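Report on one structure; see the data block that follows.
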Amino acid sequence: MSWVQTLAATARVVVPVREVVGKQRPRTDYRNHRTYTPTKTLKAEKEVRDAWRAEYGETFAGHDGPVRMRISTYRPLAKSNPKYWEGRSDMGKPDWDNVGKLVCDSLNGLAFKDDQQR
């Protein structure tokens with residue numbers, strides 16, 4: 001038995017954001033006894049969702065098959081870095097894992113059924 005992977009569709013979205021943001025931890029308000037998502041994360045997720053909806057709408061909303069994602073980010077190095085760092089990759093925060101989580105969580109129900117599917 002062999003596995004054959006077929007490509008159902010390809011989608012590409014470019015999201016111009018002011019700042020590359022990673023998924024932040026949920027915060028807890030102990031006075032009101034509630035947990036909430038930080039505003040910075042909510043705004044970044046909304047930007048990704050809005051860009052997807054503008055490009056594809058609800059086309060892939062019910063897709064429950066395999067999904068392959070490629071997430072590329074670009075951010076210039078800080079001006080305070082030394083000149084000899086020119087061309088060096090950015091190792092600052094947020095890391096790729098948190099950016100991936102933010103993108104996958106924001107596309108839940110739009111690009112695929114759920115981000116935990118296999």
Side-chain angles (χ1 to χ4, degrees):
M1 181 164 107
S2 66
W3 292 93
V4 177
Q5 186 177 9
T6 58
L7 182 64
T10 301
R12 181 169 191 247
V13 175
V14 176
V15 182
V17 294
R18 283 176 259 126
E19 179 183 5
V20 177
V21 179
K23 181 87 171 180
Q24 296 175 321
R25 293 178 186 265
R27 305 285 189 236
T28 304
D29 180 5
Y30 292 106
R31 285 180 276 158
N32 297 324
H33 303 290
R34 68 180 191 98
T35 303
Y36 63 95
T37 304
T39 306
K40 197 173 191 180
T41 298
L42 290 175
K43 286 181 181 179
E45 285 179 346
K46 185 178 181 325
E47 285 181 4
V48 172
R49 266 194 311 276
D50 291 346
W52 181 269
R53 277 197 181 109
E55 194 73 30
Y56 296 103
E58 303 289 327
T59 306
F60 298 101
H63 178 70
D64 61 352
V67 174
R68 181 183 303 166
M69 295 184 101
R70 181 183 307 160
I71 302 168
S72 301
T73 61
Y74 171 75
R75 169 175 65 181
L77 290 175
K79 294 188 186 255
S80 61
N81 290 335
K83 294 283 185 200
Y84 64 87
W85 278 19
E86 191 69 35
R88 181 182 272 192
S89 59
D90 185 10
M91 301 301 285
K93 293 195 178 215
D95 59 352
W96 67 269
D97 185 44
N98 289 328
V99 173
K101 281 187 235 178
L102 183 127
V103 172
C104 288
D105 286 347
S106 63
L107 294 178
N108 263 349
L110 283 177
F112 40 81
K113 198 171 188 179
D114 190 19
D115 65 351
Q116 71 177 356
Q117 70 195 36
R118 290 179 168 64

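Since the model is a prediction, treat every value here as computed from it, not as a measurement.
Minimum interatomic distance between Ala111 and His63 (heavy atoms only, all atoms of both residues): O-CB, 4.2 Å. When all heavy atoms of Ala11 and Trp52 are compared, the pair lying nearest together is CB-CH2, 3.6 Å. The minimum heavy-atom distance linking Ile71 with Gly100 is given by the pair CD1-CA, 3.8 Å.
The CZ atom of Arg53 sits 10.0 Å away from the CG atom of Leu107 when rounded to the nearest 0.5 Å. One distance of note links NZ of Lys23 with CD of Glu45; it measures 4.0 Å at 0.5 Å rounding. One distance of note links CG of Leu102 with CD of Glu47; it measures 9.5 Å at 0.5 Å rounding.
Placement of Val103 and Val13 within a single hydrophobic cluster is found when ILVMFWY residues are connected by side-chain heavy-atom separations under 4.5 Å, directly or transitively. Clustering ILVMFWY residues whenever any of their side-chain heavy atoms sit less than 4.5 angstrom apart, transitively, puts Leu42 in a cluster other than the one holding Val21.
Annotation for Arg12: atom CZ does not count as buried by contact number, only 12 or fewer foreign heavy atoms lying within 6.0 Å.
Two residues are said to be in side-chain contact when any heavy atoms from C-beta on lie closer than 4.5 Å; Asn98 and Lys101 meet this criterion. Contact of the Glu58 side chain with the Leu110 side chain is registered, since non-hydrogen atoms from C-beta on lie closer than 4.5 Å.
A perpendicular orientation is assigned to the rings of Phe60 and Tyr56, their planes being inclined by more than 60° (bins at 30° and 60°).
The backbone N or O of Gln24 sits less than 3.5 Å from a side-chain atom of Thr41, completing a donor-acceptor pair.
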